[in-house]
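Below is one structure, written out as structure tokens, with a few remarks after it.
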Amino acid sequence: IQSENNYKQKTYTLQLQNRTVYFGYNIWASAGIRFDEKQFDESLRAFENYKTSTTFVKFLLGYN
């Protein structure tokens, strides 16, 4: 209804993960990167356009 609120958004995520047992511990690890982009159709809102990236690493450790 209000064209000034129209935008295009893209999100890409690449994640690698591994699960293993080491000396009786269950280990789960994950690492990756995420890219986000948001672009408004109206030139009046161009200052709100953005591109960002995030890297992450996660570890979970459990014992049997």
- Query: Ile27, Tyr63: one ILVMFWY side-chain cluster at the under-4.5 Å cut-off?
  - Reply: yes

- Query: Would you say the side-chain atoms of Asn49 pair up with the backbone N or O of Phe40, donor to acceptor, closer than 3.5 Å?
  - Reply: yes

- Query: If you round to the nearest 0.5 Å, how far is CD of Glu4 from CG of Asp41?
  - Reply: 11.0 Å

- Message: Do Leu60 and Tyr25 sit in one hydrophobic cluster, given that two such residues count as connected whenever their side-chain heavy atoms are within less than 4.5 Å of each other, even indirectly?
- Response: no

- So, Phe35 versus Tyr12, ring centres under 6.0 angstrom or not? no

- Query: Heavy-atom count around Phe47 CZ within 6.0 Å, excluding the residue itself: above 12?
  - Reply: yes

- SB check Glu48 Arg45 (cutoff 4.0 Å): yes

- Item | Approximate separation, where rounding is to 0.5 Å, of Glu37 CD and Lys8 NZ | 10.5 Å

- Message: Looking at Phe56, I'd like to know if its CZ atom is crowded, meaning that more than 12 non-hydrogen atoms belonging to other residues, nucleotides or ligands lie closer than 6.0 Å.
- Response: yes

- Task: Tell me whether the guanidinium CZ or amine NZ of Lys38 lies under 6.0 angstrom from the six-membered ring centre of Tyr50 and within 45° of its axis.
- Result: no

- Query: So, Asp36 versus Thr11: side-chain donor-acceptor pair below 3.5 Å or not?
  - Reply: yes

- Item | Arg34 and Ser53, any side-chain heavy atoms less than 4.5 Å apart | no

